[in-house]
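Input: a single structure, listed below in structure tokens.
When a ligand or atom number is given, it counts from 1 through the structure's own listing order. Predicted, not measured: the structure shown is a model, and the values here were computed from it. Positions are given from 1, in the same order as the sequence printed here.
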Amino acid sequence: MGKRIVIALGGNALGNNLPEQMIAVKQTSKAIADLIEEGHEVIIAHGNGPQVGMIQKAMAELTRSDPEKYIPCPLSVCVAMSQGYIGYDLQNGLREELLDRGINKGVATVLTQVEVDPLDPAFQNPTKPIGAFMTKEEADKLVAERGYNVIEDAGRGYRRVVASPKPQSIIEIESIRDMVQAGLVVVACGGGGIPVYKTEGHHLKGAAAVIDKDFASCVLAQQVNADTLIILTAVEKVAINFGKPEEQWLDELTPDQARKYISEGHFAPGSMLPKVQAAVEFAESAPGRSALITLLEKAKDGVAGRTGTAIHQ
Ligand code: ADP
Ligand code: MG
């Protein structure tokens, strides 16, 4: 029986620059097409670290060239641009791979706004560095004129830091569900989604923040009523004592075991920790739901239960 699967693609699925992304997406499309060929319904979410960094840097250069004409581009707009560009590459790559296998299925990207809580404590403590390194003068100017938060980054210069609030809900969820129902392969919540918050009336305002793509994928998987959340990354399995002599790769993990390992500090914040947290939250969100963390190339084997770390109750 085909499952409804939300796939969260990590950085290695997209590469670090334009030519890398073109090559990486070919491989990524094969891995995704393998699942579609087996009769699964697939919804794709993805990260955008290098891409949004590139766009943000380009827009900042534009402002530098003529500050009167080009006011700084809001981060929410940079995220939207990255969703469009990555969605284009995925639509192009997947269409070709599916047609090569005789599968005639539409692939469509939904520019996705994700609601965050303006009172999220993350806004009081911005920690996520984004964009290019700046001189002290450039940094001071942005702090004074635009209220940016900046940090001095390990002697390499100054960088803007933004908040990483928790995703609350997906604004375009009805459209995403309708498209999945219609048989389309949907790309949504790219880069964790465009962070927005409600102001007066029906207005949604873009937030100067970035949402973790693993957490956004978890909300997406719950809201489309997926059976499985697959987080595809650069390791085949989750380990305890990662990188140490006693390193141990895990085939299975219950939410209780995961919580224990989290409290013992086995998963690095900002990389493996959000994945394990997202996997646990999804696995506990309803009976029968499970999560899988594995290598991009192993997605098919992982779904068949042959590899990866499965997280379920
Ligand atoms: P992605 O772009 O897929 O989100 P990240 O770099 O954020 O990738 O997270 C995946 C990385 O987490 C792995 O490549 C690995 O180096 C690192 N990692 C940290 N702790 C662990 C652990 N306990 N088990 C496995 N990998 C870990
Ligand atoms: Mg990551």
Closer than 4.0 Å to some heavy atom of [X] - which atoms of ligand 1 meet that?
X	answer
K213	1 (P), 4 (O)
F267	23 (N)
A234	14 (O)

Query raised in the report: Where the closest heavy atom to atom 19 (C) of ligand 1 is concerned, which of M272, E236, H46 has it?
Result: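 Checking each option, the heavy atom nearest atom 19 (C) of ligand 1 is found in M272.
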Query - The one among V235, T233, L296, N241 that brings a heavy atom closest to atom 3 (O) of ligand 1 - result: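 Selected option, by shortest heavy-atom distance: T233.
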Query - N or O contact, K237 vs ligand 1, cut-off under 3.5 Å - result: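 There is no such contact.
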Students should be able to answer this: which protein heavy-atom is nearest to [atom], and at what distance?
atom	result
atom 1 (P) of ligand 1	K275 NZ, 3.3 Å
atom 24 (N) of ligand 1	A239 N, 3.0 Å
atom 6 (O) of ligand 1	S271 CB, 4.0 Å
atom 16 (O) of ligand 1	F242 CZ, 3.5 Å
atom 2 (O) of ligand 1	G11 N, 2.7 Å

Query raised in the report: At the 4.0 Å heavy-atom cut-off, does G270 count as touching ligand 1?
Result: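 Yes, G270 has heavy atoms under 4.0 Å from ligand 1.
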Query - Part of H266 with heavy atoms under 4.0 Å of ligand 1, whether side chain, backbone, both or neither - result: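 Within the 4.0 Å criterion, H266 contacts ligand 1 through backbone atoms alone.
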Report task. Rounded to the nearest 0.5 Å, what's the gap from CD1 on I170 to CD on Q223? Could you check? Result ->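 If we round to the nearest 0.5 Å, I170:CD1 and Q223:CD are 4.5 Å apart.
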Query raised in the report: Roughly how far apart are N149 CG and L142 CG, rounded to 0.5 Å?
Result: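 Answer rounded to 0.5 Å: 11.5 Å.
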Is any side-chain N of the basic residue among [X] and [Y] closer than 4.0 Å to the acidic one's carboxylate O?
X	Y	value
E138	R64	yes
E281	K166	no
E37	R101	yes
R4	D227	no

Query raised in the report: Cation over ring, R156 on F133, under 6.0 Å and within 45°?
Result: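 The answer is no; the distance or angle limit is not met.
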Report task. Give the intermediate values and the outcome of side chain to side chain donor-acceptor pair (under 3.5 Å) for residues Q21 and Q51. Result -> CA-CA 9 Å; Q21 183 166 317; Q51 294 80 6; 3.1 Å; yes
Query - Residue D66 excluded, over 12 heavy atoms near CG under 6.0 Å - result: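 Counting other residues, nucleotides and ligands, CG of D66 exceeds 12 neighbours.
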